Visitor: 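Pasting in a structure now, in structure tokens, and then I'll have a few things to ask.
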Amino acid sequence: MRKIYFSLFTLLVPFLSMTAHNPIIQTHFTADPAPLVLGDTLFLYVGCDEKDAPLDSYLMREYRLYTTTDMVNWTDCGAILRTSAFKWSAGDASAAQCIGRGGKYYFYISSQNNTIPGSSIGVAVADSPYGPFRDALGHALVTNDMTTHARHSWDDLDPTVYIDDDGKAWLYWGNGVCYRARLNDDMISLAGEIEAIDARDTSSFVEGFTEAPWVYRRDGKYYMVYASRFPESIHYSMSDKIDGKWTAKGVVMPLQGGSNTNHPGIVDFKGHSYFFYHNDALPGGHSYCRSVCVEEFAYGDNGEIPSMHMTSDGIVDALGVLNPYIRVEAETMAWSEGVTTMEDEERGVYVADIHDGDYIKVMNVDFGSEGPASFSVTSSSRYQGGSLELHIDSIDGEMIGAVNIPYTGEWNIWKEVTSNVSKTTGVHDLFLVFKGKRPHQLFNLDCWKFEPIFS
């Protein structure tokens, strides 16, 4: 029998979904968050837990990308890398991190090796943060025969990478041992020896180092945030040098929720500081079906990271508004119930598995002072189709319009349909509520757009 550990947080999320913003992705099980800020966009790279994982075992085959400009609406950009891209990989998409340098983007992954026993660190490269990523080497960057300080074979996990002000790039990783090494300027080879930091040194690590390091620099201080013990809590250490002695500090997130693991990622974005982590809070979630969440926090006077707790609220205040008068991908959402996302080469990512009563919530939609005249949506349906109701401010709030979505003949036959809407002005949360006959899947959605009264 699969062991599932419940917490009050896990049990409450389904009942709080009208106001909840955590977990931030509801269409897939996600884990190991790795945020990257580029301009006015936050890129969030995650691993994906397959919902049909074997008993008490991980099943992870791909990395997905989600983006946001406002920290509440997240756009699914699809699978940007699969473990099948690495001939040496045994197929497990363990934790990864992406970083840019010299106009290219380097994606460091961890996976079991099918040629050299044990876990390995690999690197993929792309010309865009959106991918597609490809294996940069044809072999692993770090293999288990290069790291001999642990008695077990899975110590080469969870890479984190940082480029210092002097241009030198550093790679940290490990499980049970914390490893570090400098990278060459090409970002795909090691510049020196691999150093092992004693995971049991409590002067460097609060309660010891287990895995999942996240290394960065802020206000002249270096931070390493990491998972400790098992089941895992999150702690942090600080240093004056990227390759110097680490000093243990405090607890970032105590053991909470039902997932045995946790994985940190911290960034500053548009003047705010955010802590990403994962838990088991989605319905059906457990240690092998996890969900990425985020909390905002403020550093202390001396740069201390405060202790935080898992919440269902997540980020309440958006950092901007959403323009409904340009094409909006249907897979852009602040919250959803019942739906998932799929993708193909022709259409890209779209929303699927839509049934009667499902919905998508989009936050902070700015209809302006004049308001919209009509609403258009691109959809497909193999069965009877259905209807899409537009409500504002709540799932049963004022209905400003509805679109009848027809049968199109097949799931890959798409049609744009349009309907008039009532005048709505100002900023509102928008709910796309789906209605139709049970038990069939109603339709798929690709994108939507409002037309203003004066276009």
Side-chain angles (χ1 to χ4, degrees), residues 32-37 45 94-99 108-110 121 142 147 149-150 155-166 168-183 190 192-230 232-255 261-268 273-278 294-295 297-300 302-308:
D32 304 328
L36 172 66
V37 174
Y45 300 89
S94 296
Q97 186 180 352
C98 182
I99 194 170
Y108 298 85
I109 69 114
S110 50
I121 304 297
V142 177
T147 53
H149 291 270
D155 51 328
D156 295 309
L157 290 175
D158 301 353
T160 182
V161 62
Y162 178 75
I163 301 174
D164 210 352
D165 288 347
D166 60 5
K168 294 179 181 179
W170 290 86
L171 188 70
Y172 277 75
W173 72 97
N175 176 287
V177 176
C178 182
Y179 294 111
R180 69 181 170 196
R182 192 165 71 83
L183 292 166
L190 301 183
E193 298 295 321
I194 296 173
E195 180 184 356
I197 305 172
D198 185 1
R200 296 168 296 181
D201 180 1
T202 55
S203 69
S204 291
F205 303 111
V206 180
E207 298 184 13
F209 172 93
T210 299
E211 60 182 0
W214 182 266
V215 173
Y216 66 100
R217 183 173 183 260
R218 188 180 190 276
D219 291 343
K221 296 290 186 180
Y222 296 89
Y223 292 77
M224 186 197 305
V225 191
Y226 56 90
S228 184
R229 296 190 171 184
F230 191 82
E232 294 173 350
S233 51
I234 302 297
H235 304 255
Y236 80 104
S237 301
M238 295 178 69
S239 178
D240 293 326
K241 298 195 302 179
I242 186 69
D243 58 343
K245 164 72 174 176
W246 290 95
T247 300
K249 289 298 180 180
V251 178
V252 178
M253 179 167 280
L255 175 62
T261 64
N262 201 344
H263 193 107
I266 289 181
V267 291
D268 286 346
S273 298
Y274 296 102
F275 169 64
F276 291 84
Y277 60 98
H278 69 228
V294 63
E295 309 291 343
F297 72 97
Y299 288 88
N302 297 315
E304 304 96 337
I305 302 175
S307 183
M308 288 170 269

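Not measured: the values here are computed from a predicted model. Numbering starts at 1 and runs along the sequence shown.
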Visitor: Who are the side chain to side chain contact (heavy atoms under 4.5 Å, CB included) partners of R218, not counting sequence neighbours?
Guide: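 In terms of side chain to side chain contact (heavy atoms under 4.5 Å, CB included), with neighbours along the sequence ignored, R218 is linked to Y216, Y223, D268, S273, Y299.
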
Visitor: Nearest 0.5 Å, please: how far is OH in Y236 from OG in S307?
Guide: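 If we round to the nearest 0.5 Å, S307:OG and Y236:OH are 10.0 Å apart.
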
Visitor: Quick one: NE2 on H149 to CD on E195, what's the gap to the nearest 0.5 Å?
Guide: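 These two atoms lie 9.0 Å from each other.
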
Visitor: Between V215 and W170, is there a side-chain heavy-atom distance shorter than 4.5 Å?
Guide: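 No; the side chains remain at least 4.5 Å from each other.
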
Visitor: To check you understand the geometry: which heavy-atom pair defines the closest contact between P159 and L171, and what is its length?
Guide: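 Taking every non-hydrogen atom into account, CB-CD1, 4.0 Å.
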
Visitor: Distance from T247 atom OG1 to D240 atom CG, nearest 0.5 Å?
Guide: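 Those atoms lie 7.5 Å apart.
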
Visitor: Is the side chain of Y108 donor-acceptor paired with the backbone N or O of V161 at a distance under 3.5 Å, no angle test?
Guide: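 No; zero donor-acceptor contacts below 3.5 Å.
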
Visitor: Please walk me through it: do Y162 and I242 pass side-chain contact (heavy atoms from CB on, under 4.5 Å)?
Guide: CA-CA 9 Å; Y162 178 75; I242 186 69; 4.1 Å; yes

Visitor: Looking at every heavy atom in both V177 and F209, which two are closest together, and how far apart are they?
Guide: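 Distance-wise, the nearest heavy atoms are O-CE2, 3.5 Å.
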
Visitor: So, are D243 and K168 salt-bridged, with charged N and O less than 4.0 Å apart?
Guide: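 Between K168 and D243 there is no salt bridge, as every charged N stays at least 4.0 Å from the carboxylate O atoms.
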
Visitor: Answer whether the closest heavy-atom distance between the side chains of H235 and V225 falls below 4.5 Å.
Guide: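 Answer no - side chains too far apart.
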
Visitor: For the atom pair CE (M253) and CD1 (I305), what is the distance rounded to the nearest 0.5 Å?
Guide: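 Here the interatomic distance stands at 12.0 Å.
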
Visitor: Is there a side-chain contact between W214 and P35 in this structure, where contact means two heavy atoms from C-beta onward sitting under 4.5 Å apart?
Guide: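 Answer yes - side chains close enough.
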
Visitor: Test side chain to side chain donor-acceptor pair (under 3.5 Å) on H263 and T261 and set out the steps.
Guide: CA-CA 7 Å; H263 193 107; T261 64; over 6 Å; no

Visitor: So, taking the atom named OG in S94 and the one named CD1 in I121, what distance separates them when rounded to the nearest 0.5 Å?
Guide: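 It is 9.0 Å, given to the nearest 0.5 Å.
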
Visitor: Identify the two heavy atoms, one from A95 and one from S110, that lie closest to each other, and give their separation to 0.1 Å.
Guide: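 Nearest heavy atoms, A95 then S110: O-OG, 2.9 Å.
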
Visitor: Locate the shortest heavy-atom distance separating Q97 from A34; write the atom from each residue and the value.
Guide: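 What the structure gives for the nearest pair is CA-CB, 4.0 Å.
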
Visitor: Does the distance from a Lys or Arg side-chain N to an Asp or Glu carboxylate O, for R182 and D164, drop under 4.0 Å?
Guide: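 Not counted as a salt bridge, because no side-chain N and carboxylate O are separated by less than 4.0 Å.
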
Visitor: Keeping the roles fixed (side chain from D158, backbone from W173), state whether a donor-acceptor pair exists under 3.5 Å.
Guide: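 Checking the backbone N and O of W173 against the side chain of D158, no donor-acceptor pair under 3.5 Å is found.
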
Visitor: Do D198 and R200 sit within salt-bridge range, that is, some charged N less than 4.0 Å from a carboxylate O?
Guide: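 Between R200 and D198 there is a salt bridge, with a charged N closer than 4.0 Å to a carboxylate O.
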
Visitor: Report yes if the side chains of Y226 and C178 come closer than 4.5 Å at any heavy-atom pair, otherwise no.
Guide: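 Answer no - side chains too far apart.
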
Visitor: Okay, side chain of S228, backbone of G208: is any donor-acceptor separation there less than 3.5 Å?
Guide: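 Flag set: sc S228 to bb G208 pair under 3.5 Å.
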
Visitor: Please name the pair of heavy atoms, one in D201 and one in K245, separated by the smallest distance, quoted to 0.1 Å.
Guide: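 Minimum heavy-atom separation between D201 and K245: OD2-NZ, 2.9 Å.
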
Visitor: With sequence neighbours left out, what residues match Y172 under side chain to side chain donor-acceptor pair (under 3.5 Å)?
Guide: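 Per chain and number, Y172 pairs via side chain to side chain donor-acceptor pair (under 3.5 Å) with R180, W246.
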
Visitor: Could you give the distance from CG (N302) to CG (D219), rounded to the nearest 0.5 Å?
Guide: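 Taking CG in N302 and CG in D219, the distance rounds to 11.0 Å.
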
Visitor: Please find the pair of heavy atoms, one from F275 and one from P264, that lie closest to each other, and give the distance.
Guide: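 Taking every non-hydrogen atom into account, CE1-CB, 3.7 Å.
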
